[in-house]
Amino acid sequence: MKNSTTADSSRKVYAEGLRDGLPIALGYFAVAFSLGIAAKNIGLTAFQGFLVSFLNNASAGEYAGFTIIAADGAYWEIALITLVANARYLLMSCALSQKLSPDLSIGRRLLIGFDVTDELFGLAVSRKGCLHPFYYYGAMTMAIPGWSLGTALGVIAGNILPARIVSALSVALYGMFIAVIIPPARKNKIVAGLVVVSFGLSFAFSRLPYVSELSEGMRTVILTAVIAGAAAVLFPVKDENTEVQNDS
């Protein structure tokens, strides 16, 4: 009787995850479609685009990887830039682990860790009390196909549509990144300054002697690590709880 009640509860929570994950899946599909155009431009097939997005559900990480593939970068460069671009998910995973029951098995923890994204993390931390793993599984069930199918269809569309339209759609991905950086840059002068510095250094690295001779992938890795590291040291984000304690 107890097992039946537990199963019914898991199904109910799973259905809630499916419901809450649907809007995320639709958003992922739209963004991944543009990513699929980028995948097509570097020669990936629809299946390869699907597989990349299925295994790496992260727009910045995938685009960084595509950039290095386009530049004929080495495997280790792709691995390194993907690690750097997705490093924030390590912190999110640590925070998310605090929402899980101590009795949750390592297998279920690994399954949750397979798809930690900004949006799914937001859903998870907004739930009161311990996070039921089946709620997260439900959200993942919607989010992963939305992302991977969107990428695959983007590749297919890139192979069918005229070259001019494909070129126009390729700009959509840059528009997405601009939409990501502009709002925080308008709110925070430090972020705005770092964005300008990033653009400036990226241009300088492509022109300066010795540095410009490095592969584009290596330059991306160096700039990402240096700028992010310098920002963390020079402009650390203050913990709100620490501020409250100091004020009291």
Spatial distance of atom [atom1] ([X]) from atom [atom2] ([Y]) [nearest 0.5 Å]:
X	Y	atom1	atom2	result
Thr82	Ile68	OG1	CD1	6.5 Å
Thr67	Glu62	OG1	CD	11.5 Å
Ile81	Ile69	CD1	CD1	12.5 Å
Leu131	Ser97	CG	OG	11.0 Å

Any side-chain heavy-atom pair from [X] and [Y] closer than 4.5 angstrom?
X	Y	answer
Val13	Arg127	yes
Leu100	Cys130	no
Ile24	Met142	no
Asn56	Asn86	yes
Tyr136	Leu120	yes

Please report the closest heavy-atom contact between [X] and [Y], naming both atoms and the distance.
X	Y	result
His132	Ser9	NE2-OG, 4.5 Å
Ala139	Leu123	CB-CD1, 4.2 Å
Phe50	Leu149	CE1-CD2, 3.8 Å
Met140	Leu111	CE-O, 3.4 Å
Asn57	Trp147	OD1-CG, 3.0 Å
Lys99	Lys128	NZ-C, 4.2 Å

For a side-chain hydrogen bond (donor to acceptor under 3.5 Å, both in side chains) check, start with the C-alpha distance between Tyr135 and Asp20, then their side-chain angles and the critical distance, and finish with the verdict.
CA-CA 9 Å; Tyr135 175 80; Asp20 294 344; 2.6 Å; yes
Consider only side-chain N and O atoms of Tyr28 and Ser148, and report whether a donor and an acceptor are under 3.5 Å apart.
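Not at all, the side chains of Tyr28 and Ser148 share no donor-acceptor pair under 3.5 Å.
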Donor-acceptor side-chain pairing of Tyr89 and Asp118 below 3.5 angstrom
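Yes, because at least one side-chain N or O of Tyr89 sits under 3.5 Å from a partner of the opposite role on Asp118.
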Is it the case that atom CZ in Phe205 sees more than 12 heavy atoms from other parts of the structure closer than 6.0 Å?
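Enclosed.
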Would a single hydrophobic cluster contain both Phe54 and Phe47, if residues Ile, Leu, Val, Met, Phe, Trp and Tyr are joined by side-chain heavy-atom contacts under 4.5 Å?
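Phe47 and Phe54: one cluster.
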Please confirm whether Arg11 makes a cation-pi placement over Phe134, using NZ or CZ under 6.0 Å from the six-membered ring centre and within 45° of the ring normal.
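Verdict for Phe134: no cation-pi partner in Arg11.
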Evaluate Val155 against Thr45 for side-chain contact (heavy atoms from CB on, under 4.5 Å), listing each step before the verdict.
CA-CA 7 Å; Val155 175; Thr45 65; 5.6 Å; no
Thr117/Asp115 under side-chain contact (heavy atoms from CB on, under 4.5 Å): CA gap, chis, key distance, verdict:
CA-CA 6 Å; Thr117 69; Asp115 195 33; 3.6 Å; yes
Intermediate values then yes/no, side-chain contact (heavy atoms from CB on, under 4.5 Å), Val52 and Phe66:
CA-CA 10 Å; Val52 169; Phe66 290 165; 4.1 Å; yes
Could you tell me whether the side chain of Gln98 and the main chain of Ala95 form a donor-acceptor pair under 3.5 Å?
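The answer is no, because no donor-acceptor pair under 3.5 Å joins these two groups.
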side-chain contact (heavy atoms from CB on, under 4.5 Å), that's the test. Do Leu18 and Thr141 meet it? Break it down for me.
CA-CA 7 Å; Leu18 290 174; Thr141 301; 3.8 Å; yes
